[in-house]
A.B. asks: 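Please find one structure pasted underneath; my questions will follow.
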2 protein chains.
Amino acid sequence: MRYYDVLVESALPYQILERIGTLLRAEERRLAALCGLKPAQWSALCYLARCNRYSDTPSAVGEYLGTTKGTTSQTLRRLQEKGLLREVADSHDRRVVHWRLSAAGKKMFRNHGPESAIEPFLQGLSKDRDSRNLLQEILRRLQKANDYRSFGICGSCNHFRRLGGGRFQCGLTGESLRAEEASLLCREHQEPVAT
Amino acid sequence: MRYYDVLVESALPYQILERIGTLLRAEERRLAALCGLKPAQWSALCYLARCNRYSDTPSAVGEYLGTTKGTTSQTLRRLQEKGLLREVADSHDRRVVHWRLSAAGKKMFRNHGPESAIEPFLQGLSKDRDSRNLLQEILRRLQKANDYRSFGICGSCNHFRRLGGGRFQCGLTGESLRAEEASLLCREHQEPVAT
DNA sequence: CTAAAAAGTATCGACTCGAAACCTTCTTAG
DNA sequence: CTAAGAAGGTTTCGAGTCGATACTTTTTAG
């Protein structure tokens, strides 16, 4: 034990997390600027690149990013003006609007996405299950604390059903899912009850 | 191993971190709104409440929060207008301005600070050394990745000296430090070379 | 069928943000 | 010692964020 461990309480976990968050935000700003976007626009683009068809509406984007509907609506409109998104009407509910990445949007995400920029620095950190569990536990607590939706990956959801023959289904909507959809984020995601 | 572990890659550590960051930001927004402040103002106030006298200048605040000098200058001015900060001239360098919390600012931080609001949810998580080390390792990597300063706690710095008789000194500036200053964040903080 | 809820849009005002131009004060090279 | 440059800050500009409010359209509940 070092002398300063006695003298000075070291940083609280919250303080470390908060600092990590600040640095990630700075990194986001950098990536956004690289693409000529504002941070909020960049965040929305990245979310839309990773979410499924139940979760690409203004409401869902706003819920994920923690902004209001109005703000979100404006931001999506800006991305559309830049040709990065396209609007898709909902087939069942005429109030609902879906936002999909355009070809240009997909290209931008592929080239400058955060996975390619930041993930490398975390290599070798997450190999063991304990580390990942710690982060997921922190996430779960923050979500529970404020009653936030989990926005987890479709295939890890309690509603996810495998029908056999490589076919999948969402138990909530009853719709069938393509294999590649199973790895996308979903607004309706529910943690399985027990592991 | 669950079936979806085969089918679906689970979230990358970066993605989990990014989500944690987003939720913390949402929480910050909530706390800021509670105090009638904008998020940027709130962040600056919280930083100034926890940093030492070498780190309370517009440059340092901007460096910590990842914003430019101009933006920071404006934000601090707004906080001053609200009576939460006061300006203090530097005794050695007439270019430099220090910002200290006013009585009202201190009271606001005490009553609504993030420690009191968020730390409770993380209780029981960080007791073991491994967990804390993981978070600190992530932080270190992000800092190194972009050449960011560590903004660590004074007493955990390589420059920190204990003179004996409960007196302390900063090896970089040569100035003596009061005991309570040792637990504040410092812009000049350097990790000790070896543990 | 009617009332309420839900999804989304539009607008307002305060503010953020980065960039650029600028001022003052230190520091350093010669 | 002085000139040049670096460093700390401020101001201003324009685009955009953000929350609040009011509003429309569509769906759902009673």
Side-chain angles (χ1 to χ4, degrees), chain A residues 22 25-45 47 53-82 84-85 87-99 187-188, chain B residues 22 25-45 47 53-82 84-85 87-99 187-188:
Chain A
T22 305
R25 201 180 328 179
E27 189 59 15
E28 263 182 33
R29 246 198 293 265
R30 199 181 62 77
L31 290 174
L34 214 68
C35 297
L37 298 180
K38 298 285 175 176
Q41 299 171 352
W42 176 247
S43 299
L45 185 80
Y47 169 73
R53 56 188 150 121
Y54 304 130
S55 316
D56 56 3
T57 65
S59 295
V61 175
E63 208 169 350
Y64 186 85
L65 298 178
T67 55
T68 59
K69 286 189 306 181
T71 301
T72 310
S73 191
Q74 284 179 81
T75 299
L76 295 177
R77 193 68 59 192
R78 296 278 149 71
L79 285 171
Q80 184 192 34
E81 287 163 8
K82 288 170 191 278
L84 299 169
L85 297 184
E87 211 171 356
V88 177
D90 189 278
S91 48
H92 300 309
D93 188 333
R94 283 199 288 178
R95 293 171 304 180
V96 175
V97 176
H98 297 270
W99 290 97
R187 183 191 198 181
E188 305 291 348
Chain B
T22 305
R25 201 180 327 179
E27 189 59 16
E28 263 182 33
R29 245 198 293 267
R30 199 181 63 76
L31 289 174
L34 214 68
C35 297
L37 298 180
K38 299 285 174 175
Q41 298 170 353
W42 175 247
S43 299
L45 185 80
Y47 170 73
R53 56 187 150 122
Y54 304 131
S55 316
D56 57 2
T57 65
S59 296
V61 176
E63 208 169 351
Y64 186 86
L65 299 179
T67 55
T68 59
K69 286 189 305 179
T71 301
T72 310
S73 191
Q74 286 179 79
T75 300
L76 295 176
R77 194 67 61 191
R78 296 278 148 71
L79 285 170
Q80 183 191 35
E81 287 163 8
K82 289 171 192 277
L84 300 169
L85 298 184
E87 209 170 357
V88 177
D90 189 279
S91 48
H92 300 310
D93 188 332
R94 283 199 287 177
R95 293 171 303 179
V96 175
V97 176
H98 298 269
W99 290 97
R187 181 191 199 181
E188 306 291 348

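A note on names: the letters A, B, ... follow the listed sequences, proteins ahead of strands, and every chain is numbered from 1.
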A.B. asks: Specify the separation, in whole Å, of atom CD of A:Glu28 and atom P of D:dT17.
C.D. replies: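 Atom CD in A:Glu28 sits about 14 Å away from atom P in D:dT17.
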A.B. asks: Considering only side-chain heavy atoms of A:Gln74, which listed nucleotide, C:dC15, D:dT10, D:dT17, is closest?
C.D. replies: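 The listed nucleotide nearest to A:Gln74's side chain is D:dT17.
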A.B. asks: Less than 4.5 Å apart, side chain to side chain, heavy atoms only: is that true for A:Leu85 and A:Leu45?
C.D. replies: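 Side-chain contact under 4.5 Å: yes.
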A.B. asks: Counting side-chain heavy atoms from CB outward, which of C:dG8, D:dT26, C:dC17 is closest to B:Thr71?
C.D. replies: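 The answer is C:dC17.
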A.B. asks: Which part of the nucleic acid, if any, lies within reach of B:His98 when heavy atoms closer than 4.0 Å are counted: base, sugar-phosphate only, or nothing?
C.D. replies: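 Here B:His98 touches no strand at all.
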A.B. asks: In terms of side-chain heavy atoms, does A:Thr72 have a donor or acceptor partner in A:Thr75 at a distance below 3.5 Å?
C.D. replies: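 Judged by distance alone, the side chains do not pair up.
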A.B. asks: Distance check: side-chain N/O of B:Arg77 vs OP1/OP2 of D:dT10, anything under 4.0 Å?
C.D. replies: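 True: B:Arg77 side-chain N/O within range (under 4.0 Å) of D:dT10 OP1/OP2.
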A.B. asks: Nearest to the side chain of B:Arg95, which nucleotide is it out of D:dT26, D:dG9, D:dG8?
C.D. replies: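 From the listed options, D:dG8 comes nearest.
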A.B. asks: Of B:Ala33 and A:Lys82, whose nearest nucleotide on DNA chain D comes first from the 5' end?
C.D. replies: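 On the 5' side of the pair lies A:Lys82.
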A.B. asks: Please check this pair: side chain of B:Tyr64 against backbone of B:Ser59, looking for a donor-acceptor N/O pair closer than 3.5 Å.
C.D. replies: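 Side chain of B:Tyr64 to backbone of B:Ser59, a donor-acceptor pair under 3.5 Å: no, none is there.
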A.B. asks: Measuring from the side chain of A:Ala40 (C-beta onward, heavy atoms only), which nucleotide among D:dC18, C:dT9, C:dT25 has the closest atom?
C.D. replies: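 The listed nucleotide nearest to A:Ala40's side chain is D:dC18.
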A.B. asks: Provide, to the nearest angstrom, the distance between the CZ atom belonging to B:Arg78 and the C1' atom belonging to D:dT17.
C.D. replies: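 Rounded to the whole Å, the gap is 14 Å.
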A.B. asks: Quick one: B:Glu81 CD to C:dT16 P, roughly how many Å, whole number?
C.D. replies: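 Atom-to-atom, B:Glu81 to C:dT16, this comes out as 10 Å.
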A.B. asks: Can you name the nearest heavy-atom pair linking B:Leu79 to B:Gln41, along with the distance?
C.D. replies: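 Closest pair (atom of B:Leu79, atom of B:Gln41, distance): CD1-O, 3.6 Å.
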A.B. asks: Using a heavy-atom cut-off of 4.0 Å across all strands, would you classify B:Ser59 as base, sugar-phosphate, or nothing?
C.D. replies: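 It contacts sugar-phosphate atoms only.
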A.B. asks: Output the rounded distance in Å from CG (B:Leu37) to C1' (C:dA14).
C.D. replies: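 Rounded to the whole Å, the gap is 13 Å.
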A.B. asks: Go nucleotide by nucleotide along DNA chain C from the 5' end; which of A:Asp93 and A:Pro39 gets its closest nucleotide reached first?
C.D. replies: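 Mapping each residue to its closest nucleotide by heavy atoms, the 5'-most match is A:Asp93.
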A.B. asks: With the side chain of B:Lys69 defined as its heavy atoms from C-beta on, choose the nearest nucleotide among D:dT26, D:dT10, C:dT16.
C.D. replies: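 For B:Lys69, the side-chain atoms sit closest to D:dT10.
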A.B. asks: Which nucleotide in the set C:dT9, C:dT25, D:dT10 lies at the smallest distance from any side-chain heavy atom of A:Pro58?
C.D. replies: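 Nearest to the side chain of A:Pro58 among the choices is C:dT9.
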A.B. asks: Starting from C1' on C:dT16, measure out to CG on B:Leu79 and report it in whole angstrom.
C.D. replies: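 The distance from CG of B:Leu79 to C1' of C:dT16 comes to 13 Å, rounded to the nearest Å.
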A.B. asks: Figure out the CZ/C1' separation between A:Arg29 and D:dG16, and round it to whole Å.
C.D. replies: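 Whole-Å distance recorded here is 14 Å.
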A.B. asks: For salt bridge (Lys or Arg N to Asp or Glu O under 4.0 Å), just list the numbers for A:Arg25 and B:Glu28, CA-CA rounded to whole Å, side-chain angles, deciding distance to a tenth of an Å, and then say yes or no.
C.D. replies: CA-CA 13 Å; A:Arg25 201 180 328 179; B:Glu28 263 182 33; 3.6 Å; yes
A.B. asks: Would you mind reading off the distance between A:Trp99 atom CH2 and C:dG8 atom C1', rounded to a whole angstrom?
C.D. replies: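 Atom CH2 in A:Trp99 sits about 11 Å away from atom C1' in C:dG8.
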A.B. asks: Examine the side chains of B:Gln80 and B:Arg77 and answer whether a donor and an acceptor come within less than 3.5 Å of each other.
C.D. replies: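 A donor-acceptor contact under 3.5 Å links the two side chains.
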A.B. asks: Contact class for A:Thr67 vs. all strands (heavy atom < 4.0 Å): base, sugar-phosphate, or nothing?
C.D. replies: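 Sugar-phosphate, backbone atoms only, no base.
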A.B. asks: Here's a test of your reading of the structure: between B:Gly70 and A:Gln41, which maps to the more 5' nucleotide of DNA chain D?
C.D. replies: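 Nearest nucleotide further toward 5': that of B:Gly70.
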A.B. asks: Have a look at A:Thr72 and say if it touches a base, only the backbone sugar-phosphate, or nothing, with a 4.0 Å heavy-atom cut-off.
C.D. replies: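 Nothing: the residue A:Thr72, judged by heavy atoms under 4.0 Å, touches no strand.
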A.B. asks: Rounding to a whole Å, what distance do you find between B:Leu45:CG and C:dC15:C1'?
C.D. replies: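 Atom-to-atom, B:Leu45 to C:dC15, this comes out as 17 Å.
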A.B. asks: Just to confirm, is there a sub-4.0 Å distance from OP1 or OP2 of C:dA19 to any side-chain nitrogen or oxygen of B:Thr68?
C.D. replies: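 Negative; the distance criterion is not met.
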A.B. asks: Out of C:dG8, D:dG9, D:dT17, which has the shortest distance to the side chain of B:Val96?
C.D. replies: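 Within the option list, the nearest is D:dG9.
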